[in-house]
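First the structure, in the form of structure tokens, and then the observations on it.
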Amino acid sequence: MKPAAIETFFATLKAANPMPVTELEYTSVFELLAAVLLSAQATDVGVNKATRRLFPVANTPHKILALGLEGLESHIKTIGLFRSKAKHLMATCRILVEQHGGRVPRTREALEALPGVGRKTANVVLNVAFGEPTMAVDTHIFRVGNRTGLAPGKTPLAVEQQLLKRIPPAYLVDAHHWLILHGRYVCQARKPLCHQCAVAHTCDFQPKTRA
DNA sequence: ATCCCGAGGG
DNA sequence: CCCTCTGGAT
């Protein structure tokens, strides 16, 4: 996709306004970090269901440490990969308390040093909470970037770098939001709804079922 | 490359 | 039954 098409691409996505908007629910930077950590290979709806149980009981590192591992697991059992996520979140809380004064660190290095926090999770926290110009490439954005030709790349990092090159820094949060929604509701992994896609005319992808 | 691992949709 | 979901650690 040519640079000139980028603005048209996002303007068109915005105007199309796809479907019910569900997002991760949080009321603090720590809740954001915890929710994103839990969201690996899980739906936003599923994560919210768990955090609605967990956060009223424990929404700080100290409170989660006080729950104990089994207590934490009991609150998030409905999410896939819950055992490893509970273990990681618990270990992360311990580090936040012992090394960061109970607060979420602001640097990529410190964030990625937390158990269960990789590049994607760090990018979300850096951008959404701290306003840094990062682009978190999740499964949706990786797929949409490659299918459309907006940001082709063999790895999430390559797609991330393409997007950072093409999207103005101030627009990154917005662009991330719209790429996610587009991937979730229109450019679906399994069965993309190309016939009702607002940006089909600027897309490289040709569905097998097309006429 | 493989494992983790529940819920929801097809 | 199958696949996918805002990945990360080993």
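Side-chain nitrogen and oxygen atoms of Arg184(A) include at least one within less than 4.0 Å of the OP1 or OP2 phosphate oxygen of dT6(C). When the side-chain nitrogen and oxygen atoms of Arg143(A) are compared with OP1 and OP2 of dC5(C), one or more of them lie within a distance under 4.0 Å. For dC5(B), one of the phosphate oxygens OP1 or OP2 lies less than 4.0 angstrom from a side-chain nitrogen or oxygen of Arg83(A). In terms of phosphate contacts, Thr139(A) brings a side-chain nitrogen or oxygen within less than 4.0 Å of OP1 or OP2 of dC5(C). At the phosphate of dG8(C), OP1 or OP2 sits under 4.0 Å from a side-chain N or O atom of Thr121(A).
Residue contacts shown for Pro156(A) are absent, as no nucleic acid heavy atom lies under 4.0 Å away. Within the nucleic acid shown, Leu179(A) has no heavy atom closer than 4.0 Å to any nucleic acid atom. Residue Val117(A) is in sugar-phosphate contact alone, with no base atom involved, counting any heavy-atom pair closer than 4.0 Å across all strands shown. In this structure, Gly118(A) reaches the sugar-phosphate backbone alone: every heavy-atom distance under 4.0 Å involves primed, P, OP1 or OP2 atoms, never a base. Within 4.0 Å of Lys49(A), counting heavy atoms only, lie sugar-phosphate atoms of the nucleic acid but no base atom. Among the protein residues, Lys191(A) comes within range of no part of the nucleic acid, since none of its heavy atoms lies under 4.0 Å from any strand. Ala42(A) comes within contact range of at least one nucleobase, with a heavy-atom separation under 4.0 Å.
Between Glu160(A) and Met135(A), the shortest heavy-atom contact is CG-O, 3.3 Å. The minimum heavy-atom distance between Ile79(A) and Ala42(A), with the atom names listed, is CG2-CB, 3.8 Å.
Listed nucleotides: dG6(B), dG7(C), dC5(C). Nearest to the side chain of Leu81(A): dG7(C). Relative to the side chain of Lys120(A), the nucleotides dC4(B), dT6(C), dG6(B) differ in distance, and dT6(C) lies closest.
Nucleotides dC3(B) and dT6(C) are separated by 24 Å at their P atoms, to the nearest Å.
Here dC5(C) presents its P atom at 14 Å from CG of Leu181(A), a figure rounded to the nearest Å. Per the geometry, CG belonging to Asp44(A) stands 15 Å off C1' belonging to dG7(C), to the nearest Å. In this structure, the CD atom of Glu23(A) is 18 Å from the P atom of dC5(C), given to the nearest Å. Atom CD in Glu73(A) sits roughly 13 Å away from atom C1' in dG6(B) (whole-Å rounding). Atom CG in Leu89(A) sits about 16 Å away from atom C1' in dC4(B), given to the nearest Å. In this structure, CG of Leu111(A) is placed 17 Å from P of dG7(C), rounded to the nearest angstrom. Taking atom CG on Asn48(A) and atom C1' on dG8(B), their separation rounds to 15 Å, with Å as the unit. Protein atom CZ of Phe82(A) is 6 Å distant from nucleotide atom P of dC5(B), rounded to whole Å.
The pair Arg94(A)-Glu98(A) does not meet the salt-bridge criterion, since no charged nitrogen lies less than 4.0 angstrom from a carboxylate oxygen. Between Lys85(A) and Glu73(A) there is no salt bridge, since none of the side-chain N atoms of the basic residue sits less than 4.0 Å from a carboxylate O of the acidic one.
Counted by atom type alone, Arg184(A) and Gln188(A) present zero donor-acceptor pairs between their side chains at under 3.5 Å.
Residues satisfying the side-chain contact (heavy atoms from CB on, under 4.5 Å) test with Pro156(A), not counting sequence neighbours, are Val137(A), Phe142(A).
The 5' end of DNA chain C is approached more closely, in terms of each residue's nearest nucleotide, by Val45(A) than by the other of Val45(A) and Glu112(A).
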